[in-house]
Amino acid sequence: MKLIALPAFSDNYLWLWHDDQLAVVVDPGDAAPVVQALAQNGLKLTAILVTHHHADHVGGVRELHLTTGAQVYGPAGEDVPAPFTPVMHGDAFEVLGQTVQVLDVPGHTAGHVAYVLPNATPSPVLFCGDTLFSGGCGRIFEGTPAQMLASLDLLASLPASTRVCCAHEYTLSNLRFALAVEPSNTDLQTYAAHCQQLRAQGVPTLPAQLGLELQINPFLRARHPHVRHAVAQHAGLSALEQTDDVAVFAALREWKNDFK
Ligand code: ZN
Ligand code: FE
């Protein structure tokens with residue numbers, strides 16, 4: 001399979017995968033970049049996958065469905081602006097020769113789902129919408145910190161080689177925060193320098209690699225002693241709160257919300 005990140009708006013990526021004839025797009029917040037990519041590559045759109053209901057993820061769904069007839073898959077618990085096949089945790093279906101597995105990852109929105117292609121070559125692919133970003137995670141709009149932590153734990157359990165296709169290019173600002181949390185993490189320092197080079201050349205920092213995210217992303221490391229200590233210091237957590245994974249994670253997320 002061929003995997004392409006289509007830039008949209010100021011910092012979104014619409015992920016497209018294809019086999020040189022048919023294509024699948026994930027979270028088309030805008031139809032125009034998708035229509036252009038299909039024409040450029042001589043592709044016909046066969047399916048649309050939606051992770052959650054926010055406009056920057058579904059804004060182009062209706063037009064693309066109407067103009068191509070592509071089948072739409074979306075979270076059973078959310079509104080999608082076109083007729084769609086509702087999917088939920090544990091579902092699996094076949095699209096373009098790939099098995100697609102559905103995970104429920106509530107937190108950013110209440111019904112947010114992620115899609116995993118476990119058999120993709122050369123390594124599995126994860127489309128995680130606004131749940132996991134490189135070096136960060138989504139804001140908690142509709143769910144709770146406990147839900148978001150459980151969702152990230154679930155994604156963290158996927159194979160280390162998984163290619164993480166996040167929906168936004170937030171990497172550099174996320175890594176500035178990550179370095180404030182873990183200034184002496186040498187993997188993080190190296191990765192931040194690498195991503196700065198990529199962005200200076202206008203190249204996406206994504207897909208991220210899950211195994212590396214486990215080494216550098218503070219939101220996947222909220223139980224690490226260094227992260228726990230930094231959060232406790234910053235938020236003034238009590239000794240009891242410091243032993244509570246959800247309390248530490250919630251304080252870490254709040255720290256990031258206010259970080260300039
Ligand atoms: Zn969103
Ligand atoms: Fe978004």
Side-chain angles (χ1 to χ4, degrees), residues 8-9 11-15 24-30 47-62 64-65 71-93 95 100-117 125-158 162 164-168 170 174 208 210 213 217-220 222-223 244-258:
F9 309 116
D11 53 34
N12 282 73
Y13 291 123
L14 319 182
W15 290 95
V24 179
V25 69
V26 184
D27 285 352
D30 187 4
I48 299 168
L49 309 184
V50 173
T51 64
H52 68 292
H53 67 85
H54 286 159
D56 62 314
H57 299 252
V58 301
V61 169
R62 186 173 185 79
L64 289 171
H65 171 71
Q71 186 172 359
V72 183
Y73 297 85
E78 300 205 344
D79 286 332
V80 176
F84 72 107
T85 303
V87 296
M88 61 174 78
H89 195 79
D91 284 351
F93 51 94
V95 177
V100 181
Q101 295 175 339
V102 181
L103 304 176
D104 279 347
V105 286
H108 179 68
T109 64
H112 200 303
V113 297
Y115 299 94
V116 179
L117 278 50
V125 172
L126 167 67
F127 299 108
C128 52
D130 288 353
T131 299
L132 174 62
F133 297 120
S134 183
C137 77
R139 281 179 184 261
I140 301 171
F141 286 125
E142 297 175 8
T144 64
Q147 283 180 320
M148 187 57 124
L149 179 58
S151 295
L152 293 176
D153 284 343
L154 181 62
L155 298 181
S157 72
L158 294 169
T162 301
V164 184
C165 299
C166 318
H168 290 272
Y170 289 159
N174 285 340
L210 185 60
E213 289 299 313
N217 188 325
F219 294 93
L220 299 179
R223 296 178 186 86
D244 179 338
D245 292 342
V246 173
V248 171
F249 181 80
L252 176 65
R253 186 56 257 187
E254 275 172 36
W255 183 3
K256 173 71 164 70
N257 292 346
D258 298 334

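Quick caveat: nothing in here was measured; it's all calculated off a predicted structure.
Partner of His112 under the side-chain hydrogen bond (donor to acceptor under 3.5 Å, both in side chains) criterion, chosen from His54, His57, His52: His52.
Rounding to the nearest 0.5 Å gives a distance of 10.0 Å between NE2 of His108 and CZ of Arg139. To the nearest 0.5 Å, the span separating OH on Tyr170 from CG on Asp11 amounts to 4.5 Å. Distance check, rounded to the nearest 0.5 Å: CG of Asn217 to CG of Leu152 gives 7.5 Å. Note that CZ of Phe133 is 7.5 Å distant from SG of Cys128, once rounded to the nearest 0.5 Å. Rounded to the nearest 0.5 Å, atoms CD1 (Ile140) and CG (Asp130) are 13.0 Å apart. Taken to the nearest 0.5 Å, the CG atom of Leu210 stands 8.0 Å off from the CG atom of Leu155.
At a cut-off of 3.5 Å, with distance as the only test, no side-chain donor of Asp79 or His53 sits close to an acceptor on the other residue.
Remark: side-chain polar atoms of Gln101 are not paired, donor with acceptor, to backbone N or O of Leu117 under 3.5 angstrom. No donor-acceptor pair under 3.5 Å is formed between the side chain of Asp56 and the backbone N or O of Gly29. Side-chain atoms of Thr109 never come within 3.5 Å of backbone atoms of Glu142 as a donor-acceptor pair (strictly under, hydrogens ignored). Checking side-chain atoms of Asp27 against main-chain N and O of Gly129 turns up no donor-acceptor pair under 3.5 Å. Within the 3.5 Å criterion, the main-chain N or O of Pro106 finds no donor-acceptor partner in the side chain of Gln147.
In this structure, the side chains of Leu252 and Pro218 come closer than 4.5 Å at one or more pairs of heavy atoms. Here the side chains of Tyr73 and Val95 are in contact, with some heavy-atom distance below 4.5 Å. Side-chain atoms of Pro28 and Val61, non-hydrogen and from C-beta on, do get closer than 4.5 Å to each other. The side-chain heavy atoms of Leu49 and Phe93, taken from C-beta on, include a pair separated by under 4.5 Å. His89 places a side-chain heavy atom less than 4.5 Å from the side chain of Leu154.
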* **Trace of the side chain to side chain contact (heavy atoms under 4.5 Å, CB included) decision for Tyr115 with Val87** => CA-CA 10 Å; Tyr115 299 94; Val87 296; 3.7 Å; yes
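Residues satisfying the salt bridge (Lys or Arg N to Asp or Glu O under 4.0 Å) criterion with Arg223, sequence neighbours excluded, are Asp153, Asp245.
In terms of heavy atoms, Phe219 sits closest to Lys256 at CZ-CB, 3.8 Å. The two residues Met148 and Gly138 come nearest to each other via the heavy atoms CE-O, 3.3 Å.
Between Phe127 and Trp15, the ring planes lie tilted relative to each other; the angle falls in the 30° to 60° range.
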